[in-house]
Each structure stands twice: as C-alpha cells, then as structure tokens.
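Just so it is clear, the structure is predicted and the values come from calculations on it, not from any experiment. Every chain is numbered from 1 and lettered A, B, ... according to where its sequence line falls, protein lines coming before strand lines.
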Amino acid sequence: MPEGPEVECTRLSLRRFEGKKIVKIELTKLSQKYKKYEGKQKIFDVFIGKTITEIERKGKFLIWNFDFSKVILNHLGMSGHWIISEGADVPTHIIHPKIKILFKNESKIAIFEDARNFGQFRIYDTYQDVINYLPIKKLGSDGLKVPFPQEAFAEKLKLKKNANKEIGRILLDQTLIAGIGNIYKSESLALAKINPLRLVKKLKPEEIERLGSSISIVLHKAVDSMGSSIQSFRTSTGEEGSAQKWHKVYAKAGFDCDSCGNEIIRIVQDKRSTFYCEKCQV
DNA sequence: CGCCTGCCCTGCAGGC
DNA sequence: TGCCTGCAGGGCAGGC
Ligand SMILES: [Zn+2]
C-alpha cells in the first residue's frame, strides 16, 4: 500500500486525532520481539498527557508533532498501516499490531499494524532533528505538490548521476521526486507513454514534461480513488479495492494492454519489478 | 560526502 | 499434504 498517495490518505485519516490528548502510546507485546521496539515502552511514556498538534507528511514519512518539543517520525515501510478501531482493545483479527495509541475523550484507538516490520516509529528530541535527518533533508519536491514542480524535476534529471541511467531505475529515488513508489513508477511511465528502459539523457524536454504531468495525474488519481474509503476510516483495514482498478500495467504481466492489445511485460530494474507495454511506451 | 551491497521481516502463490 | 522458491507497494547501516 504505502506510496505517497497512501501515506497522504493515512494522514488524512489520522487527522481526527489532532488536538487529542494522549492517554498512552503502547508498544504491543508482539512488538517486543523486535529490536527496534524492544524495551522502549518507557521512552514512549513521555507522551502521556501530551496533545497531538499536527500530523504532517513529507514524501512517504509521517511526522507526528505534539505540544512539546519531541517529535515522532513514522514510516509505513512495505506493510505498515494505521487502523482506527472502536474500543480500547486490539481486535483479534489484527495479526501484527505493533503500536496502540489511546486518546482522551475519544472512543477510538489507533493501531499500527506492520506484518513485515519494515515500518518506523521513532522519537526525535526536536523537530529540527527530524529536518536534519538526511533521508528527510534530501527528499525531492513532493510528487503531490500542485502545480507539479516541472523545473526542479527537469533539473534533477540533468544531474550526472541520473542522466546516464534508465528512467525506470531512478523514479523510485526519493531525492528526485518524493512519494513515488514501485506501482506509480510503472503507472506514470505508462501514462506518459515512455519506455522505462530509455536513458534519461535521451529524453526530450517535452517527454520529461509529459512524465512530470503523468506523475502528478497518477498520484492524485490514487489519492482521489481512495477518498471514499477514507470517509469511513477503513483505509487501512485491508479493503484497497478501488485503488487497484485503474492500474494500466502494474502487476499485469501477461495480460493485454487496454490501449493496443499487446502483452504487458515485466522486467527487473534495480531488483524491483517494472511493468510496461512495449508497443505503447516508446 | 556518494554509491553499492546486504539486510531487515512475514505472507502468499505456484511448482514439485 | 508439505516443502521450497520467488515475489511483495521501502529504506537503512555499513563498506568502499
Ligand atoms: Zn499498449
């Protein structure tokens, strides 16, 4: 799930807790099996009685701000998601709960479930510390920014480290454009009708602009198509339904291209899958 | 500093 | 039925 658009939708869901006071941030029993959470309950107890002021997003990161200096940097990894659930207990059908947050004057709890455990939920002493954290500091312009930052995008593509690479290999680089993940990488290239194997330096200016616009369209479409499920706060409960339906190429190897009927193929770039239509994408 | 390779984890589908 | 392999929407630490 979690690319920029999914993280943005998570943020929108979690906003209901802005202004709420923390009763407790509880590391689950299960979480104690893993080093990154083990023995850390105590340091999360400093949040007891504090109020969430704002939950913001930078790329695929969520930054939890409170009414005191400490900040929590949260990343969903591959499988992390927040579940907003009625009552004080974690429902039994949630298999991998790592964190549970209880709030004052709030009947619902927030549960961070993360099967593969690649997620992060880390405390920083100050907001500035988070901003100075290199992966945050180096993030490129956000792909959901309106208007899409075409100039910054084009400039970064001119950098030596990018110019000689295949375009399909660098779109995942969060320092280029923040928020693109492996699904929307393929989908953006498909919409732009650009072959993922094309070398960046061989892309014409109009193709780069088309790609930028396509990234913007694809990411926003993803947010919009998740909108209805957000309303009911069930974004993260496993029903991803609508978000997947409009995919043109991702995970469609062997199926026919909707546009030309040619077979969609899968290749591997930097150990990640890329899907595309050889006929439509030049 | 930048770049590259491992590594962190569980679950699922498909082949045997 | 079980066991094995490859694959999965991401990023980090450590070596050079
Ligand atoms: Zn096609």
Residues A/Lys161 and A/Asp173 bridged, charged N to O under 4.0 Å: yes
Between A/Tyr250 and A/Tyr184, is the ring centre distance below 6.0 Å? no
Using the ring-ring contact (aromatic ring centres under 6.0 Å, His included) definition, which of the options A/Tyr37, A/Trp82, A/Phe61 pairs with A/Phe121? A/Trp82
One should report the stems of DNA chain C, each a stretch of at least three consecutive Watson-Crick or G-U pairs at distances under 3.5 Å, as B:2-8 with C:10-16, B:10-16 with C:2-8
Per atom distances to the A/Glu3 side chain, the nearest of B/dT10, C/dG11, C/dG9 is C/dG9
Salt bridge A/Lys221-A/Glu187, side-chain N to carboxylate O under 4.0 Å: no
N/O to N/O distances under 3.5 Å, protein versus nucleotides 11-16 of chain B:
residue	atom	partner	partner atom	Å
B/dG11	OP1	A/His96	NE2	2.7

Figure out the CZ/P separation between A/Phe121 and C/dC12, and round it to whole Å. 17 Å
Give a yes/no on whether any side-chain N or O of A/Tyr250 is located under 4.0 angstrom from OP1 or OP2 of C/dG9. yes
Rounded to whole Å, please give me the gap between CZ in A/Phe61 and C1' in C/dC12. 10 Å
Rounded off to whole Å, could you give me the CG-to-P distance for the A/Leu176 and B/dC3 pair? 12 Å
Nearest whole Å is fine: how far is C/dA8 C1' from A/Phe275 CZ? 10 Å
A/Glu6 side-chain proximity, nearest of C/dG9, B/dC9, B/dC3: C/dG9
Students often get this wrong, so: under 4.0 angstrom with heavy atoms, is A/Lys60 touching a base, only sugar-phosphate, or nothing? sugar-phosphate
Using side-chain contact (heavy atoms from CB on, under 4.5 Å), reason through A/Ile215 and A/Phe153 one step at a time and then give a plain yes or no. CA-CA 11 Å; A/Ile215 290 168; A/Phe153 181 49; 3.9 Å; yes
Looking across every strand, which nucleic acid part, if any, lies under 4.0 Å from A/Ser79 by heavy atom: base, sugar-phosphate, or nothing? nothing
From NZ of A/Lys165 across to P of B/dG2 the rounded distance in Å is 12 Å
Looking at A/Phe66, I'd like to know if the NZ or CZ of A/Lys50 sits under 6.0 Å from its six-membered ring centre while staying within 45 degrees of the ring's axis. no
Can you establish whether the number of heavy atoms outside A/Arg15 located under 6.0 Å from its atom CZ is more than 12? no
Atom CD of A/Gln32 to atom P of B/dC9: distance rounded to whole Å? 14 Å
With a 4.0 Å cut-off on heavy atoms, is A/Lys35 in touch with a base, just the backbone sugar-phosphate, or nothing at all? nothing
Quantified in whole Å, what is the P atom distance between nucleotide B/dG6 and nucleotide C/dG6? 16 Å
State plainly whether the residues A/Lys185 and A/Glu3 are in salt-bridge range, i.e. N to O under 4.0 Å. no
Same cluster for A/Ile177 and A/Ile194 if Ile/Leu/Val/Met/Phe/Trp/Tyr side chains link at under 4.5 Å? yes
Short of 4.0 Å, heavy atom to strand atom, which residues of residues 123-140 of chain A count as contacting DNA chain C? A/Tyr133, A/Pro135
Nearest nucleotide by nearest heavy atom, which residue falls closer to the 5' end of DNA chain C, A/Arg116 or A/Gln120? A/Arg116
Write down the distance between CG (A/Asp270) and P (C/dG11), rounded to a whole number of angstrom. 14 Å
A/Gln120 side chain vs A/Gly77 backbone, donor-acceptor pair below 3.5 Å: no
Tell me: CG of A/Asn164 to P of B/dC3, nearest whole Å? 12 Å
Kindly determine whether A/Asn65 and A/Glu56 satisfy side chain to side chain donor-acceptor pair (under 3.5 Å), including the steps that lead there. CA-CA 8 Å; A/Asn65 294 283; A/Glu56 57 176 314; 3.2 Å; yes
Is the ring centre of A/Phe118 under 5.5 Å from the base ring centre of C/dG10, and are the two planes under 30° apart, so that they stack? yes
Between A/Lys60 (side chain) and A/Glu6 (backbone), is there a donor-acceptor pair under 3.5 Å? no
